[in-house]
Amino acid sequence: MDFQLGQGYLRGPRVRRAMRLDPVNASRGESVRSRLRHAAQQYQGHSDEHRPIRGYALAMGAYAGLAGTVVALGRRRGVRLPERMPVGDGALLGVATFRTSRLLTKAAVTSPLRAPFTRFERPGGPGEVEEEVRADGDARAFAELLTCPFCLAQWISTCFVAAYVADARRTRWAATTLAIASTSDVLQHAYSAMEQAG
């Protein structure tokens, strides 16, 4: 089924067939379209910047599909969830998620991954860049995901947890590598601050 808020329509063979056979369903379908169109217009408000509502819906669907696929594969392979995750492992995965999200969304070295959807604005923090999203429509939602460390962190943390459940030992080592790099960043910033203060 094709669903689009911006233009306010629902279409698909089942919906069209139901509307032809049942005028009540047709009026309900029109009501749904009207409500969706109205909701999208209300969300836009008076801002000149278009918000890609349909793209956000697609991103949520993709995330739900990814999570569902991971769960289904785990069940098929007989993977069992542990009773709990040790606090230390949770903290380790949290630091690794932070480092990975910054690396993918802000690092200069990964800018080729974002370049099709962004425009360079200015240098950011050490080794980072500030970029402006230049994509439109559904691609804008994807571009915003690629440039927002807070947004991408949810996807990355899900991947880390899935990897941890499947193979905790290897995931700890991968996360430790990222956590060590984050510790190094903190020390580099602290050293630079002391040099500037001295």
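All figures in this text were calculated on a predicted structure; none of them were measured in a lab.
Grouping the Ile, Leu, Val, Met, Phe, Trp and Tyr side chains by contacts below 4.5 angstrom, directly or via other members, places Met85 apart from Val87. A continuous path of ILVMFWY side-chain contacts below 4.5 Å connects Trp155 to Val70, so both sit in one hydrophobic cluster. Residues Leu66 and Val71 fall into different hydrophobic clusters, defined by Ile, Leu, Val, Met, Phe, Trp and Tyr side chains chained together at heavy-atom separations under 4.5 Å. By the criterion of side-chain heavy atoms lying less than 4.5 angstrom apart, applied directly or through intervening Ile, Leu, Val, Met, Phe, Trp or Tyr residues, Leu104 is not grouped with Val129; the two fall into different hydrophobic clusters. Cluster annotation: Tyr63 is not connected to Tyr56 through the hydrophobic network of ILVMFWY side chains, with a link wherever side-chain heavy atoms come within less than 4.5 Å.
Using a cutoff of 4.0 Å between basic side-chain nitrogens and carboxylate oxygens, Glu131 and Arg119 are not scored as salt-bridged. With salt bridges taken as basic N to acidic carboxylate O contacts below 4.0 Å, none links Arg102 and Asp185.
Annotation: the span from Cys148 atom SG to Gln154 atom CD amounts to 11.5 Å, rounded to 0.5 Å. From Arg75, atom CZ reaches atom CG of Leu81 across 9.0 Å, with rounding to the nearest 0.5 Å. The OG1 atom of Thr183 lies 10.0 Å from the CZ atom of Arg99; values are rounded to the nearest 0.5 Å. In this structure, OG1 in Thr69 is found 12.0 Å from CZ in Arg76, a value given to the nearest 0.5 Å.
Looking only at side-chain heavy atoms (C-beta outward), Pro149 and Lys106 come within less than 4.5 Å of each other. Considering only heavy atoms from C-beta on, Thr105 stays 4.5 Å or farther from Phe150 through its side chain. The shortest side-chain heavy-atom distance between Phe117 and Arg134 does not fall under the 4.5 Å cut-off. Under the 4.5 Å side-chain criterion, counting only non-hydrogen atoms from C-beta, Leu178 is not in contact with Phe98. Inter-residue side-chain proximity for Phe142 and Leu58 is flagged as unmet; no heavy-atom pair is nearer than 4.5 Å. Between Glu132 and Thr118 there is no side-chain heavy-atom pair separated by less than 4.5 Å.
In terms of heavy atoms, Thr97 sits closest to Ala153 at CG2-O, 3.5 Å. The two residues Leu93 and Thr171 come nearest to each other via the heavy atoms CD2-CG2, 4.0 Å. Closest non-hydrogen pair, Arg114 versus Thr147, comes out as CD-CG2, 4.2 Å. Residues Ala143 and Ala135 share a closest heavy-atom pair of CB-CB, 4.2 Å. Between Val165 and Arg80, the closest heavy-atom pair is CG1-O, 4.1 Å. Across all non-hydrogen atoms, the minimal contact from Leu92 to Arg172 is CD2-O, 3.7 Å.
Ser111 places no side-chain N or O within 3.5 Å of a backbone atom of Ala107 that could act as its donor or acceptor partner. Listed for the Arg77 side chain is no donor-acceptor partner under 3.5 Å among the backbone atoms of Ala72.
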